[in-house]
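A short write-up of the structure that comes next.
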Amino acid sequence: MADNVKGGKSRSSRVVDSVNEKAQGILREDLHKAKDVAYQALKSRAYLYPIKGIAYFLSHKSLWRPFISKIGSYLTLSAGVIGGMFAFTYLPQLAVLIFTSGPLAVFSTVVLVLNESSTITNLISRNWILQQSILDTFDGTLISRNAVNMVREGREVKSGSDPMKRLGKTLKSPFTKFSPTAIIRYIMYLPLNFIPVVGTAMFLFLQARARGALVHGRLKNWSAAQRREWVERHAGAYTAFGFVATLLEMVPVANIFFTYTNTVGAALWAADIEELNTNMTDETAPTLREAAKKAQ
């Protein structure tokens with residue numbers, strides 16, 4: 001019996017040690033890359049694509065149908081999550097943050113709860129409620145930009161003039177789901193919010209990298225390994241996109257609108273990359289503009 005207990009404790013210790021080792025490895029990796037990624041993020045100007053997505057979405061009514069069809073169920077989910085999080089987690093987290101942030105604790109706690117609510121809502125909605133709807137918006141945007149070949153790599157495309165009506169049977173989704181590593185990162189970096197203002201900004205920045213990495217799956221006809229290498233090589237640009245997209249999706253009520261406009265922005269970016277046939281060796285959006293000028 002004692003040996004079994006001892007063996008059980010040993011196995012439990014190994015599990016805990018394994019999780020701690022993984023978390024420490026992730027922390028070392030992120031801190032090592034954070035400076036370079038921040039510089040690349042500012043240089044890339046990929047943060048403009050979520051803004052471009054808003055303008056493009058508003059000017060193309062054919063892209064509104066998936067958004068309108070899901071707005072009721074999403075708002076119900078979002079209201080429930082935000083209401084529940086503020087009811088049950090705001091005061092406990094405020095009690096902790098007030099010791100580290102002082103008068104700024106109220107602001108920091110609101111941002112933290114909104115970010116937590118956004119993450120929970122995204123996890124639920126993207127995997128169950130909005131998955132096909134967001135995919136249709138992404139592919140419809142690509143078709144409206146004449147990037148039909150990219151869509152054909154993952155679904156059937158019909159003839160016609162309306163981008164949304166041209167969408168056929170889905171063969172491959174361009175989106176990847178949240179990985180265990182992303183969830184570990186999120187939990188691990190929550191304590192950064194104890195640092196007034198700067199800590200909250202650092203937390204959002206680090207989460208933006210994971211958020212940005214999810215936006216492009218249907219880039220050229222690549223394998224999963226090639227796609228991971230691409231995202232890693234252009235981590236700064238994807239972080240820039242993810243930072244703005246995360247901030248927009250934290251806005252209560254309007255977050256569903258920004259979820260769709262961010263999807264449109266991601267598709268516009270993908271279309272630009274494919275259209276110019278660039279490998280983005282400088283990890284910058286200005287590279288795209290220079291290539292476009294040469295092509296003219």
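In this text, all values refer to a predicted model and were calculated from it rather than measured experimentally. Positions are given from 1 along the sequence.
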Sub-4.5 Å side-chain heavy-atom contact between [X] and [Y]:
{"X": "Phe86", "Y": "Leu114", "answer": "yes"}
{"X": "Val264", "Y": "Thr137", "answer": "yes"}
{"X": "Phe203", "Y": "Val111", "answer": "no"}

Mind checking the [atom1]-[atom2] spacing from [X] to [Y]? Nearest 0.5 Å is all I need.
{"X": "Met188", "Y": "Leu190", "atom1": "CE", "atom2": "CG", "answer": "10.5 Å"}
{"X": "Ile51", "Y": "Leu268", "atom1": "CD1", "atom2": "CG", "answer": "12.5 Å"}
{"X": "Asp139", "Y": "Ile134", "atom1": "CG", "atom2": "CD1", "answer": "12.0 Å"}
{"X": "Arg155", "Y": "Leu135", "atom1": "CZ", "atom2": "CG", "answer": "5.0 Å"}
{"X": "Leu42", "Y": "Tyr47", "atom1": "CG", "atom2": "OH", "answer": "6.5 Å"}
{"X": "Ile143", "Y": "Ser161", "atom1": "CD1", "atom2": "OG", "answer": "11.5 Å"}

Is there any salt bridge (Lys or Arg N to Asp or Glu O under 4.0 Å) pair reaching into [range], and which pairs are they, with sequence neighbours excluded?
{"range": "residues 89-112", "value": "none"}
{"range": "residues 242-262", "value": "Arg126-Glu249, Arg211-Glu249"}
{"range": "residues 67-88", "value": "none"}

Indicate the atoms forming the closest heavy-atom contact of [X] with [Y], along with that distance.
{"X": "Phe241", "Y": "Gly265", "result": "CE1-C, 4.0 Å"}
{"X": "Thr239", "Y": "Ala235", "result": "OG1-O, 2.7 Å"}
{"X": "Trp64", "Y": "Leu58", "result": "CZ2-O, 3.4 Å"}
{"X": "Ser144", "Y": "Pro163", "result": "CB-CG, 3.9 Å"}
{"X": "Ala271", "Y": "Ala147", "result": "CB-CB, 4.3 Å"}
{"X": "Ala46", "Y": "Ala237", "result": "CB-O, 3.3 Å"}

Should Leu248 and Val253 be counted in the same cluster of Ile, Leu, Val, Met, Phe, Trp and Tyr side chains packed under 4.5 Å apart?
-> yes

same_hphob_cluster(Phe88, Ile82) at 4.5 Å side-chain heavy-atom cutoff =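 Shared cluster, no.
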
Using side-chain contact (heavy atoms from CB on, under 4.5 Å) as the criterion, list what pairs up with [X], not counting sequence neighbours.
{"X": "Phe67", "result": "Phe57, Ile71, Ile256, Phe257, Tyr260"}
{"X": "Asp162", "result": "Ser62, Arg65, Met164, Lys165"}
{"X": "Ile124", "result": "Leu77, Ile120, Trp128"}
{"X": "Val96", "result": "Phe194"}

Applied to residues 103-115, the side-chain hydrogen bond (donor to acceptor under 3.5 Å, both in side chains) test, sequence neighbours excluded, yields Asn115-Tyr186

Give every residue pair that meets the side-chain hydrogen bond (donor to acceptor under 3.5 Å, both in side chains) criterion with at least one member in residues 87-97, sequence neighbours excluded.
-> Thr89-Gln93, Gln93-Glu116

Whether Arg166 side chain and Ser159 backbone form a donor-acceptor pair below 3.5 Å |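 No, because the side chain of Arg166 does not come within donor-acceptor range (under 3.5 Å) of the backbone of Ser159.
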
Does any N or O in the side chain of Ser117 come within less than 3.5 Å of the main-chain N or O of Val113, such that one atom is a donor and the other an acceptor?
->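 At least one qualifying donor-acceptor pair exists.
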
Using distance alone, with no hydrogens and no angle criterion, decide if Ser78 and Asn255 have a side-chain donor and acceptor under 3.5 Å apart.
-> yes

Is it the case that Asp136 and Gln132 place a side-chain donor and acceptor less than 3.5 Å from each other?
-> yes

Identified side chain to side chain donor-acceptor pair (under 3.5 Å) partner of Tyr238 from the options His216, Glu232, Gln40 |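 The residue from His216, Glu232, Gln40 that satisfies side chain to side chain donor-acceptor pair (under 3.5 Å) with Tyr238 turns out to be His216.
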
From CA spacing to verdict: side chain to side chain contact (heavy atoms under 4.5 Å, CB included), Met250, Leu204 | CA-CA 11 Å; Met250 284 172 58; Leu204 292 174; 3.8 Å; yes

Mind checking what makes ring-ring contact (aromatic ring centres under 6.0 Å, His included) contact with Tyr56, not counting sequence neighbours?
->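 Only His60 meet the ring-ring contact (aromatic ring centres under 6.0 Å, His included) criterion with Tyr56.
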
Of all residues at least two apart in sequence or in a different chain, which pass the side chain to side chain donor-acceptor pair (under 3.5 Å) check with Arg145?
->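 Per chain and number, Arg145 pairs via side chain to side chain donor-acceptor pair (under 3.5 Å) with Asp272, Glu275.
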
May I ask you to list the residues sharing a hydrophobic cluster with Ile98, side-chain cutoff 4.5 Å, ordered by chain and number?
->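 Ile98 clusters with Phe99.
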
